[in-house]
Amino acid sequence: MYLKNIKIWNFRKIGTKDNSNEIRTDNPGIDISFNSFLNVLIGENNSGKTAIIDAIRMILGSHTFDFHRLDERDFHHYKTGRSRELRIECLLSGFSNQEAGFFLEWLHFNEFKQYELRIWLYAYTRDHRVIYNVKAGIDDDGAFMDGAAKDMLRLTYLKPLRDAETELSPGYKSRLAQILSNDPLFKDQFDDDQKKVKHTLEKYVSKANNLITGYFSHDSLDEDLEYEISKETPAGGPIKSKVENHLKDFFHIDDIQNPFFHISGSELASILKKLGLSLEENKSGLGALNKLFIATELLLLQGKNYSGLRLALVEELEAHLHPQAQLRVISALQNKQQEFDNQFILSTHSTTLASKLHLKNFILCQDGQAYSLAAGHTGLEEDDYEFLERFLDATQSNMFFAKGVILVEGTAENILIPTIAEIIGRPLHRYGVSVVNVGSKAFLRYAKIFKRFDQSTLPIKVSIITDLDIEQTDTGATIQSKKRTVTKLVPDAKIESDNLIKDYNSADGRIQVFHSSLWTMEHDLALGEFAEFINCATYLAQLSKSRTNNHNFKGITSTEAIKRIKKAKEIYSKWKEDSLSKEQIAYKIYERLSANKASKTVTAQWLSKMLLRYKSKIQPGIKADERFKYIVDAIYHVTKSEDADHS
């Protein structure tokens, strides 16, 4: 069996679908389906991931018997008193006949004639007290579950920043003992006469106790005693004699006491609590112990004779693990899917993990909402999933933790756009915006991640910044569009603009395309008021490229940069003196880039540096320059509220 679905009303950040705080079957704040193997809750801090995990723990319980009780703070809007009741409902499916036997009283059949179990927790507040109960069944009244059935639903929970060393150490509440005691190897065994058979570990401890008793009963070691130590070593008899002498003084003369040393707790349950699990004699690092702890927990989940829910909740799988270790752990889980007969629900903040996980397993959390990225829930086709999983890297995976996303097609835009955002007073990090370089024209595939199957979108604004790519001559005449396969002249850029809007813009306006007015970003910016800046940047980039080609990797000194900028300004002044048009100047500047004399990336780096240097002076000019408008508008789109203007 596995957890198929969870619905939540008014629990912490999660309210109701219609914001009414009224609990109805048609308005759960979250209604999420899980697959039977691996599910990953992903999203920024305070987005609702922990609320979902705690809701599951609250209703099903855990093997560690952690005590957790609802209080008023668990109610959505508890401070205002708007929500005085909450509900958590789980649906379990995939029962074997043996598993179904434990829950016959509460099971029902779905439309596919499969067993399913609906279990829910309902809670309300009264006089600052929280009253709740857990029921199960097909109808709304339900019935209370007995302890034995409820115990079969307990799950394995690995908390964030877990203390693996403590969990694997001996102790009364030893997690290691709990795991081992559930293995058939440590269950009670009986002979043919139904008499309990002493476990091998119990025999070992009994033998050790005999040796210990003998050690403390002799003044010296006899040859017939089974000691693996030097015969010259004195035994512990004198210690025991001293204790006996003191006891004679403490007790009545007729009250004879016979103390003895031994290993306490010779029964199997006590022995298991004395066991620890380590990797080496010295203390291991937190990351190594964390991996050992996860491996140990899998003992319980993979037990062949284990009866019960095989569900593991793991918060922040990446805890104490460096990126390469994270990749190894998650690869092992994904690649061994057939070996695991259990379900995982993970949460993560790691872009490294996000880049390695299958996109279909993601559940994106945002502002108390949860959105499955599984097939059928997004605008992605099967080949889109394959493409994105092939090319999605750790840098691009940052989009899953953002409040807004700017998709760009090259490194130059990736460098320059955060600079422009800084200058116009919209620093992207302050607004939780990620710039994602898709490295190609594959915007539509990435944009589909944020589109839903019903043509709606995720509550994340997306700006797509791209080039119109209508090649220009030095007179400004259009040649053809490189973006689309056409051979005829393109007389009007509006054709290309309309096509881009049709392809990318979403109906609700959350996903919008912003494009250059004619050709590429560099060419079109060179047509504007900052052409001289771009000209200087290309000259500096040209010097960097010549050094790289000559295997001279020394950086450009400030003296050399000043000389290069001076030369660029002289050439620019000459163009102005010769009355070259804006189109002709832009073409000459861009020619260095198109002819590969200068790198676009390095040009963007130099341009970014120059713009930031004169930040306060050029801010009004950037806002007013028509050539920067599409970039400025794209930034405003992802950094403003719905009712804010561009001021």
Side-chain angles (χ1 to χ4, degrees), residues 32 34-35 37-50 52-53 158 160-161 287 290-291 294 312-335 337 344-367 369-375 377-380 384-408 414 428-429 432-440 442-443 445-452 457-462 638:
I32 283 293
F34 300 106
N35 65 58
F37 175 58
L38 180 62
N39 306 268
V40 184
L41 301 172
I42 193 168
E44 62 175 340
N45 289 333
N46 202 32
S47 59
K49 302 188 296 298
T50 298
I52 295 172
I53 286 178
L158 274 65
L161 298 177
N290 189 26
K291 286 183 279 188
I294 294 172
L313 298 181
V314 185
E315 283 202 80
E316 298 179 20
L317 178 66
E318 66 273 16
H320 308 306
L321 300 179
H322 64 81
Q324 286 300 319
Q326 294 174 30
L327 292 177
R328 286 194 294 271
V329 171
I330 201 62
S331 294
L333 293 180
Q334 288 195 140
N335 296 339
Q337 179 171 349
F344 293 92
I345 298 177
L346 316 177
S347 73
T348 184
H349 298 113
S350 169
T351 56
T352 301
L353 283 179
S355 68
K356 191 67 175 179
L357 289 158
H358 298 317
L359 201 57
K360 294 178 181 179
N361 296 331
F362 285 166
I363 297 171
L364 183 61
C365 299
Q366 182 83 8
D367 293 331
Q369 301 291 315
Y371 305 88
S372 172
L373 299 189
H377 292 273
T378 71
L380 294 165
D384 294 323
Y385 281 104
E386 294 175 2
F387 174 89
L388 290 169
E389 286 171 8
R390 193 160 58 245
F391 293 106
L392 199 63
D393 61 22
T395 303
Q396 295 169 344
S397 296
N398 195 39
M399 73 173 93
F400 298 117
F401 306 95
K403 288 185 175 295
V405 175
I406 299 177
L407 297 175
V408 300
N414 201 8
L428 299 183
H429 66 276
V433 174
S434 293
V435 180
V436 177
N437 177 11
V438 303
S440 66
F443 293 115
R445 293 184 189 269
Y446 287 85
K448 282 181 180 178
I449 294 174
F450 302 94
K451 291 185 176 181
R452 309 302 289 163
T457 61
L458 298 179
I460 299 174
K461 288 189 174 182
V462 180
V638 294

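Listed by chain and residue number, nothing satisfies the salt bridge (charged side-chain N to carboxylate O under 4.0 Å, His left out) test with Glu386 (two or more places apart in sequence, or in another chain). With sequence neighbours excluded, the residues that form a side chain to side chain contact (heavy atoms under 4.5 Å, CB included) with Leu327 are Gln324, Thr352, Lys356. Residues passing the side chain to side chain contact (heavy atoms under 4.5 Å, CB included) test with Thr351 are Ala394, Ser397, Asn398, Phe401, sequence neighbours excluded. With sequence neighbours excluded, the residues that form a side chain to side chain contact (heavy atoms under 4.5 Å, CB included) with Phe387 are Arg390, Phe391, Ala442, Arg445, Tyr446. Taking the ring-ring contact (aromatic ring centres under 6.0 Å, His included) definition, one finds that Phe362 meets it with Phe400, sequence neighbours left out. The salt bridge (charged side-chain N to carboxylate O under 4.0 Å, His left out) search around Asp367 returns Lys403, not counting sequence neighbours.
A donor-acceptor pair under 3.5 Å is absent between the side-chain atoms of Lys291 and the main chain of Val329, judged by distance alone. In terms of modelled atom types and a separation under 3.5 Å, the side chain of Glu389 and the main chain of His358 share no donor-acceptor contact. Asn414 places no side-chain N or O within donor-acceptor distance of the main-chain N or O of Val408, the cut-off being under 3.5 Å. Listed for the Tyr385 side chain is a donor-acceptor partner under 3.5 Å among the backbone atoms of Ala374. Glu318 places a side-chain N or O within 3.5 Å of a backbone atom of His349 that can act as its donor or acceptor partner.
Annotation for Ser350 and Thr348: closest pair N-OG1, 2.9 Å, computed over non-hydrogen atoms. Across Lys49 and Ser47, no two heavy atoms sit closer than the pair NZ-OG, 3.6 Å. Between Ala370 and Ile363 the shortest heavy-atom distance is CB-CG2, 3.9 Å. Minimum interatomic distance between Gln366 and Pro459 (heavy atoms only, all atoms of both residues): CG-CG, 3.9 Å. The shortest non-hydrogen separation linking Ser372 to Ile32 is N-CD1, 4.0 Å. Between Gln396 and Val438, the shortest heavy-atom contact is NE2-CA, 3.7 Å.
Looking only at side-chain heavy atoms (C-beta outward), Leu380 and Leu359 come within less than 4.5 Å of each other. Considering only heavy atoms from C-beta on, Leu392 comes within 4.5 Å of Met399 through its side chain. Between Leu38 and Leu357 there is a side-chain heavy-atom pair separated by less than 4.5 Å. Proximity of Ile52 to Ile345: side-chain heavy atoms (C-beta onward) are nowhere separated by under 4.5 Å.
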- Query: Passes side chain to side chain contact (heavy atoms under 4.5 Å, CB included), Ile294 versus Leu317? Steps please.
  - Reply: CA-CA 9 Å; Ile294 294 172; Leu317 178 66; 3.8 Å; yes
- Apply side chain to side chain contact (heavy atoms under 4.5 Å, CB included) to the pair Lys451 and Thr378, showing each step before the final yes or no. CA-CA 6 Å; Lys451 291 185 176 181; Thr378 71; over 6 Å; no
- Item | Test side chain to side chain contact (heavy atoms under 4.5 Å, CB included) applied to Leu373 and Arg452, step by step | CA-CA 9 Å; Leu373 299 189; Arg452 309 302 289 163; 4.0 Å; yes
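From Leu458, atom CG reaches atom CD of Gln369 across 10.5 Å, with rounding to the nearest 0.5 Å. Between the CG atom in Leu158 and the OG atom in Ser347 there is a gap of 11.0 Å [rounded to 0.5 Å]. To the nearest 0.5 Å, the span separating CG on Leu364 from CD1 on Ile449 amounts to 9.5 Å. Annotation: the span from Leu346 atom CG to Glu316 atom CD amounts to 11.5 Å, rounded to 0.5 Å. The distance from atom CG of Asn39 to atom NZ of Lys360, rounded to the nearest 0.5 Å, is 14.0 Å. Here the CZ atom belonging to Phe344 is positioned 11.0 Å from the CG atom belonging to Leu313, to the nearest 0.5 angstrom.
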